[in-house]
Amino acid sequence: MPTLPRFISISLAVVLLALFFHSFLYHYFPDTLQPGYFSADDRLEGAEPRVVQARGNLAEDERSTIELFENSRASVVFITTRQRVMDAWTRNIFSVPSGTGSGFIWDDHGHIITNLHVIKGASEATVRLTDGRDYKASLVGASPMHDIAVLRIGIGFQRPTPVPLGTSHDLKVGQKVFAIGNPFGLDWTLTTGIVSALDRSLPGGDGRTIDNLIQTDAAINPGNSGGPLLDSAGRLIGINTAIYSPSGASAGIGFAVPVDTVNRVVPQIISRGKYIRPAMGITVDSKLNDRLTQHLKVTGVVILSISPGSAADTAGLQGATITSEGNIIAKDIIVAVEDKPIDSVDKLLSRIDNYKVGDTIKITVLRKNATIDVSVTLQPGE
């Protein structure tokens with residue numbers, strides 16, 4: 001009986017040794033197991049390329065997408081930026097690459113629209129057109145609260161066609177959208193998707209909140225920023241501005257500044273060098289407002305003070321008072337703008353920013369436990 005375990009052990013060892021030897025031959029001496037497998041004997045003289053199968057007509061949506069890209073491509077530009085740095089030892093100043101982004105032609109005067117964060121911190125920017133021409137760009141102005149910057153290049157001839165302008169107030173969730181840009185420096189790339197949501201808010205790089213954004217699932221990656229978001233008619237409906245992704249790559253959630261905002265802000269930047277926001281002449285504070293509304297158990301924005309002679313003062317709005325003990329007594333609490341609810345200071349500023357200086361809007365306030373409507377004609381903000 002003791003010989004049985006020994007026989008089993010020897011058998012297993014032999015099997016393992018055979019498998020090892022077979023594997024060794026298979027990897028290092030394949031011809032030993034399959035003679036002629038890698039030899040020239042299997043070559044076939046006079047081999048010809050295979051016959052190409054006829055493709056047929058492209059689908060209608062494919063033809064539409066191709067036409068949209070070909071018509072819009074020349075209106076999109078590739079932006080590279082450089083930054084001046086000083087050598088700590090020699091004190092010499094060098095210009096080093098800073099980043100890349102996208103932009104698009106706005107008009108026939110050489111104005112280029114992009115995101116402010118694309119050029120922020122740069123000392124110079126170069127704009128490349130689809131035909132390979134490079135131009136040094138000058139900064140016309142910017143609006144940090146909208147993440148919009150306007151550049152200008154001097155084009156004496158062969159001006160690219162500006163992007164056709166669309167609207168964003170009538171967008172519907174589910175509409176097809178098309179993004180053209182330069183993700184990761186890969187120039188003139190097209191991605192497609194749909195409008196995923198509307199009226200989104202996103203924290204900006206400087207602590208500001210950018211509101212009224214379009215959310216899309218079209219792939220938007222670093223380098224797409226500043227490029228156009230188009231509808232199926234090839235019209236501009238937004239500026240691709242950001243992605244929401246822990247990895248920094250597209251995760252199916254991208255955001256664009258709506259074109260209605262762009263068309264309101266850009267003309268002011270071109271004519272004045274900056275954006276003058278509409279205002280009412282009131283003082284509000286985000287952190288203090290959160291504490292006050294929580295204490296009062298209301299939703300809205302407490303007017304802390306009103307500038308004498310301002311639009312709010314003329315309209316009869318009332319600011320809060322402070323008691324001798326330092327307590328704040330709220331008088332008017334803004335709860336809606338044009339019947340749209342207001343729940344924060346950022347939302348109030350965003351709602352007002354949808355209008356122009358000189359527009360008269362309806363402000364709904366809570367005063368002594370009653371809601372009243374007040375008409376306010378917006379004035380230039382600081």
Side-chain angles (χ1 to χ4, degrees), residues 58 61-82 97-108 110-119 122 124-137 147-155 157-166 176-195 214 216-243 245 248-250 252 254-257 259 262 266:
L58 294 173
D61 62 331
E62 291 178 305
R63 291 198 298 270
S64 298
T65 300
I66 293 171
E67 182 180 2
L68 180 146
F69 178 70
E70 292 178 346
N71 291 339
S72 305
R73 181 175 182 268
S75 303
V76 183
V77 302
F78 183 31
I79 300 174
T80 56
T81 59
R82 299 182 70 86
S98 177
T100 63
S102 304
F104 55 89
I105 306 293
W106 177 255
D107 56 24
D108 291 329
H111 289 110
I112 307 293
I113 309 302
T114 187
N115 285 138
L116 177 58
H117 75 261
V118 169
I119 62 169
E124 58 183 88
T126 301
V127 172
R128 172 167 293 181
L129 307 182
T130 54
D131 59 10
R133 288 182 289 168
D134 288 337
Y135 294 89
K136 294 294 184 182
D147 195 20
I148 296 175
V150 179
L151 308 177
R152 190 178 184 185
I153 58 176
I155 303 179
F157 62 97
Q158 294 180 346
R159 292 185 179 92
T161 303
V163 179
L165 204 64
K176 286 185 178 181
V177 292
F178 303 83
I180 303 178
N182 306 279
F184 303 110
L186 301 173
D187 53 3
W188 289 276
T189 299
L190 171 70
T191 56
T192 66
I194 62 170
V195 174
I214 303 167
T216 175
D217 66 348
I220 296 175
N221 289 289
N224 269 115
S225 292
L229 186 70
L230 308 173
D231 63 12
S232 57
R235 305 180 311 157
L236 178 71
I237 58 172
I239 306 176
N240 301 317
T241 188
I243 58 173
S245 170
S250 176
F255 299 93
V257 178
V259 71
V262 178
V266 166

Checklist line | Non-hydrogen side-chain atoms of I105 and V77 separated by less than 4.5 Å | finding: yes

Next item on the list: Please report the shortest heavy-atom distance between I119 and A149, naming the atom on each side.
Entry: CD1-CB, 3.7 Å

Next item on the list: Any chance you could measure D231, atom CG, to K176, atom NZ, to the nearest 0.5 Å?
Entry: 12.0 Å

Notebook entry, point to check: Under 4.5 Å between any side-chain heavy atoms of P160 and T130, yes or no?
Noted result: no

Next item on the list: Give, for atom CH2 of W106 and atom CD1 of I112, the distance between the pair rounded to the nearest 0.5 Å.
Entry: 12.0 Å

Next item on the list: Side-chain contact test, heavy atoms from C-beta onward, threshold under 4.5 Å: evaluate it for F178 versus S232 and give yes or no.
Entry: yes

Notebook entry, point to check: Is the number of heavy atoms from other residues, nucleotides or ligands within 6.0 Å of CZ (R235) greater than 12?
Noted result: yes

Checklist line | Any donor-acceptor N/O pair, T241 side chain to F255 backbone, under 3.5 Å | finding: no

Checklist line | pair I214-V177: side-chain heavy atoms closer than 4.5 Å | finding: no

Margin query: Side chains of L190 and T65, heavy atoms from C-beta outward: is any pair under 4.5 Å?
Written below: yes

Next item on the list: Please report the shortest heavy-atom distance between T81 and A122, naming the atom on each side.
Entry: CB-CB, 3.6 Å

Check: What is the distance from atom OG1 of T100 to atom CG of N182, rounded to the nearest 0.5 Å?
Finding: 7.0 Å

Check: Given side chains that start at C-beta, do those of H117 and D147 come closer than 4.5 Å, heavy atoms only?
Finding: yes

Item checked: Shortest non-hydrogen contact between D217 and G193, atoms and distance -> OD1-CA, 3.2 Å

Checklist line | Gap separating the CD1 atom of I239 from the CD1 atom of I113, nearest 0.5 angstrom | finding: 6.5 Å

Notebook entry, point to check: Which value, rounded to the nearest 0.5 Å, describes the distance between I194 atom CD1 and T216 atom OG1?
Noted result: 7.5 Å

Check: Does the side chain of I180 come within less than 4.5 Å of S72's, by heavy atoms?
Finding: yes

Notebook entry, point to check: So, does S102 use its side chain to make a donor-acceptor pair with the main chain of G223 at under 3.5 Å?
Noted result: yes

Notebook entry, point to check: At their closest point, which heavy atom of G166 faces which heavy atom of V259, and how far apart are they?
Noted result: O-CG1, 3.4 Å

Next item on the list: Grab the two heavy atoms, one from V118 and one from S225, that are nearest each other, plus how far apart they are.
Entry: CG2-O, 3.6 Å

Checklist line | Validation row: N224, T189 side chains within 4.5 angstrom (heavy atoms) | finding: no

Next item on the list: Hey, could you give me the CG/CH2 distance between L129 and W188, rounded to the nearest 0.5 Å?
Entry: 7.5 Å

Next item on the list: Return yes if some donor-acceptor pair links the side-chain N/O of R128 with the main-chain N/O of F78 below 3.5 Å, else return no.
Entry: no

